[in-house]
Number of protein chains: 2
Amino acid sequence: MAVTISDVASAAGVSKGAVSLALNGHAGVGDQTRQRILDTAKTLGWTPSLRAKSLRSAKAYALGLVIAREAKLLGSDPFFPAFIAGVETTLEKHEYTLVLTVATEPGAEERCYRKLADGGRVDGVILTDVRHDDSRIALLRRLGLPAVTLSRPAVPSPFPAVCMDDAAGITAAVEHLISLGHTRIAHVGGAQVYIHGRSRRRAWESALSAAGLATDLFAEADFTAPGGVAATARLLARKDRPTAIVYANDLMATAGQSYAQTHGLNVPADLSITGYDNAQFARYLNPPLTTIAADPLAWGRQAAAMLLAQLDGTHDGGDLVLGPPRLVLRGSTGAVPPHAVPAVAGGRYQHISTAGT
Amino acid sequence: MAVTISDVASAAGVSKGAVSLALNGHAGVGDQTRQRILDTAKTLGWTPSLRAKSLRSAKAYALGLVIAREAKLLGSDPFFPAFIAGVETTLEKHEYTLVLTVATEPGAEERCYRKLADGGRVDGVILTDVRHDDSRIALLRRLGLPAVTLSRPAVPSPFPAVCMDDAAGITAAVEHLISLGHTRIAHVGGAQVYIHGRSRRRAWESALSAAGLATDLFAEADFTAPGGVAATARLLARKDRPTAIVYANDLMATAGQSYAQTHGLNVPADLSITGYDNAQFARYLNPPLTTIAADPLAWGRQAAAMLLAQLDGTHDGGDLVLGPPRLVLRGSTGAVPPHAVPAVAGGRYQHISTAGT
DNA sequence: GTGGTTCACTAAATCGATTTAGTAACAGAC
DNA sequence: GTCTGTTACTAAATCGATTTAGTGAACCAC
């Protein structure tokens with residue numbers, strides 16, 4: 001980048017201003033002069049310095065994304081890579097890039113947002129893993145950083161949201177299980193501080209209530225495999241053990257399925273299982289996992305587009321709700337065990353202790 | 001960021017230069033003046049504009065990472081999230097951030113690197129998925145962009161490399177299988193254009209040769225699940241069917257295990273399987289997957305550190321080889337099937353057709 | 001007391017673009 | 001011929017920091 005606008009200007013025999021006008025397609029230079037300028041620019045291999053443009057225009061030409069996740073858990077979530085790819089799909093059409101920050105330690109999150117805001121490193125951020133009572137809303141407002149949230153937080157937020165109707169997916173899963181004859185359908189939820197953890201639980205409750213079934217078979221976990229194991233153990237140790245478990249993500253479902261199998265249960269003969277995410281590996285489990293396929297790629301694309309629109313003032317301020325995810329039926333769900341149809345506790349059930357995994 | 005250095009200067013009653021000297025700890029301002037300046041800066045909440053600093057210093061204060069992967073495949077690789085977290089671990093101690101770009105379409109890769117280089121968006125890049133004959137080396141040299149490569153490419157490269165000794169992991173896996181009595185040990189490799197695809201195959205070959213075993217049971221795949229299925233199908237259809245398969249990653253191993261199981265083979269009684277990556281879900285497969293655990297977090301940390309060192313001129317230019325990965329023994333590997341010990345083709349083997357997955 | 005040196009600080013240049021204000025040339029109207 | 005208006009362009013200001021050159025003042029040496 002040794003070549004600057006001055007080089008082009010003197011090479012073309014015009015002023016710097018003329019080069020700028022020519023490059024940006026503004027009026028004020030004649031046609032043949034403009035062409036001559038563009039030609040010499042191309043010959044010299046000149047690209048305007050983003051740094052100079054940034055300073056002059058007070059824009060960073062970058063969006064920010066902060067991922068708050070423990071380092072060793074990061075690799076297990078199929079959401080982020082696909083989501084980021086979606087964001088990139090939108091950004092590559094614009095002069096924007098994505099600045100990624102990972103907050104691995106608790107408490108580092110705020111520091112990350114400050115780092116992005118302080119020097120003016122990004123023009124706006126996308127908030128993922130939105131929490132019910134999300135302190136970041138106030139933080140960003142204080143920092144004066146535009147944003148888009150994935151899901152609408154419970155606290156009043158001035159930022160538009162791109163929402164995924166994950167309730168529809170859970171509803172479909174529960175209805176599928178009900179149609180198979182299940183009546184004791186449990187839910188292993190993600191951390192309930194998250195909107196998506198909470199909404200999935202709500203959807204499970206609503207679907208059960210609508211069918212006149214009880215909603216007490218809930219176990220909260222944290223979207224991790226060990227958490228899924230622990231929650232599954234708790235559920236299966238109950239006297240009124242469920243015949244089906246709806247998990248809030250594939251990783252917990254995988255871990256839960258493994259736990260059930262190592263404790264003598266057959267999936268799906270004794271226990272039906274559904275996941276959420278449609279992770280690649282889910283298809284290749286034994287049995288393959290029935291799960292819910294959302295579209296993180298589209299989510300990322302839309303979130304980036306909405307943030308860009310907000311930045312150049314063309315966004316109307318409204319939220320966007322993406323199409324519902326679809327239920328992917330595989331081998332981990334099946335008819336309710338015959339002996340379990342009369343929903344009486346005890347009976348033929350073998351006891352499963354919660355000790356050990 | 002409405003407050004600038006001029007605001008601080010006039011508020012403290014000094015010149016802009018004095019503020020700059022004070023902030024950066026340079027000599028030229030008296031002690032009490034310096035303190036007064038720093039105090040007013042804090043009061044006003046001033047942080048120097050990164051944009052101005054960038055222009056002045058001709059630095060971007062950012063590193064770049066280009067991921068070339070089809071969008072839908074991105075979510076399945078546990079490497080990148082952990083690697084990126086490692087990079088961040090290093091960057092958060094410096095005034096640097098990570099700019100991430102995803103090249104989803106073939107051919108978009110070069111465009112991504114140009115986008116990062118052209119405006120001076122990053123000061124250097126980390127090259128992942130290094131290929132045997134990697135055209136990016138020449139490209140980056142042309143663009144004048146400093147870099148660090150993960151693995152050393154076969155073409156002469158002026159860039160230092162951080163290497164993972166993945167050969168050691170594969171060797172350990174093969175030796176483990178040999179100790180279990182296996183003699184027909186196959187390898188499902190990743191695309192051989194990649195250094196890591198190639199080196200894993202080489203390690204498998206060497207370990208077999210060292211034990212006096214044949215190295216013809218190789219099937220090339222592409223690190224994807226469908227690719228793993230296809231390769232597995234080819235191997236299992238052979239008359240001298242292997243009793244163990246060493247896969248180049250967990251996803252292919254998972255898919256291969258699933259394929260074998262759905263075609264009537266018992267893992268590990270009939271077929272032992274090893275993966276590579278130690279993905280979270282691998283522990284929860286049925287049976288759990290024996291695999292090789294590398295440390296992508298450390299890899300990212302070191303790669304970023306090396307690139308930063310290179311940028312400020314403190315790097316000695318030498319490569320760095322990370323400690324060897326470790327073999328994680330789980331249920332997918334076991335003793336060779338008794339009837340398979342005399343390695344005679346045909347016999348009791350059932351035939352497995354390659355049709356269908 | 002003159003010359004030299006250090007110290008603390010200011011004024012101004014600089015990075016590379018965009019943008020504003022200004023100017024020269026020319027055309028058309030009257 | 002003068003006035004107005006448009007066109008095509010240049011010169012200079014600007015963004016916000018760093019850095020260089022320069023300026024008084026104090027201090028020391030001889």
Side-chain angles (χ1 to χ4, degrees), chain A residues 1-38 40-42 44-62 95-96 117-123 144 312, chain B residues 1-38 40-41 44-62 95 117-123 144 312:
Chain A
M1 286 289 66
V3 42
T4 74
I5 196 175
S6 300
D7 300 330
V8 177
S10 58
V14 293
S15 69
K16 295 191 304 173
V19 176
S20 181
L21 294 177
L23 182 78
N24 296 301
H26 293 155
V29 274
D31 282 347
Q32 68 272 48
T33 312
R34 158 168 283 131
Q35 200 50 55
R36 178 162 44 92
I37 291 172
L38 293 179
T40 56
K42 179 167 274 180
L44 297 180
W46 173 67
T47 323
S49 153
L50 196 83
R51 302 201 259 261
K53 261 173 67 159
S54 273
L55 177 58
R56 177 68 235 225
S57 62
K59 289 199 285 184
Y61 297 99
E95 204 184 1
Y96 272 74
D118 270 359
R121 221 177 245 283
V122 299
D123 298 321
D312 70 9
Chain B
M1 286 288 68
V3 41
T4 73
I5 197 174
S6 300
D7 300 330
V8 177
S10 57
V14 293
S15 68
K16 295 191 304 174
V19 177
S20 179
L21 293 177
L23 181 79
N24 297 301
H26 293 156
V29 273
D31 283 347
Q32 67 272 50
T33 312
R34 158 170 283 134
Q35 200 51 55
R36 179 163 43 92
I37 291 173
L38 293 179
T40 54
L44 297 180
W46 174 68
T47 324
S49 153
L50 196 84
R51 302 201 258 260
K53 261 173 66 161
S54 271
L55 176 57
R56 176 70 236 219
S57 63
K59 289 199 285 184
Y61 298 100
E95 202 184 1
D118 271 358
R121 220 179 245 283
V122 300
D123 297 322
D312 71 9

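It should be emphasised that the depicted structure is a prediction, and the values quoted were computed from it without experimental measurement. Protein chains get the first letters and strands the later ones, always in sequence-line order, with residue 1 at the start of each.
Atom CD1 of B:I5 and atom P of D:dT19 are 11 Å apart (whole Å). Per the geometry, CG belonging to B:L55 stands 4 Å off C1' belonging to C:dC15, to the nearest Å. If you take CG of B:L23 and P of D:dT19, they are 12 Å apart, rounded to a whole angstrom. Atom C1' of nucleotide D:dA17 and atom CG of A:D118 are separated by 16 Å, given to the nearest angstrom. Atom-to-atom, NZ of B:K53 to C1' of C:dC15 comes out at 15 Å; the value is rounded to the nearest Å. As a whole-Å value, the separation of A:Q32 CD from D:dA8 P is 9 Å. To the nearest angstrom, C1' of D:dG16 lies 13 Å from CG of B:N24. Regarding B:W46, its CH2 atom lies at a distance of 12 Å from the P atom of D:dG16, rounded to whole Å.
Applying the salt bridge (Lys or Arg N to Asp or Glu O under 4.0 Å) test to A:K53 and every residue at least two apart in sequence or in another chain returns A:E95.
Under a cut-off of 6.0 angstrom, the local environment of CG in A:D31 is sparse, with at most 12 non-hydrogen atoms contributed by other residues, nucleotides or ligands.
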Verdict with reasoning, A:K16 to A:V8, per side-chain contact (heavy atoms from CB on, under 4.5 Å): CA-CA 8 Å; A:K16 295 191 304 173; A:V8 177; over 6 Å; no

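Across the helix from C:dG1-D:dC30 to C:dC30-D:dG1, the helix axis at one end is tilted relative to the axis at the other end by 60° (nearest 10 degrees, each axis from five pairs).
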Annotated protein contacts, base or backbone, on nucleotides 6-11 of chain C with a non-hydrogen cut-off under 4.0 Å, one of B, S, - each: --SBB-

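Minimum interatomic distance between B:V3 and B:W46 (heavy atoms only, all atoms of both residues): O-CD1, 3.2 Å.
The side chain of B:S20 places an N or O atom within less than 4.0 Å of a non-bridging phosphate oxygen (OP1 or OP2) of D:dT18. For D:dG16, neither phosphate oxygen OP1 nor OP2 lies less than 4.0 angstrom from any side-chain nitrogen or oxygen of B:S49.
Rounding to the nearest 0.5 Å gives a distance of 9.0 Å between CD1 of A:I5 and CD1 of A:I37.
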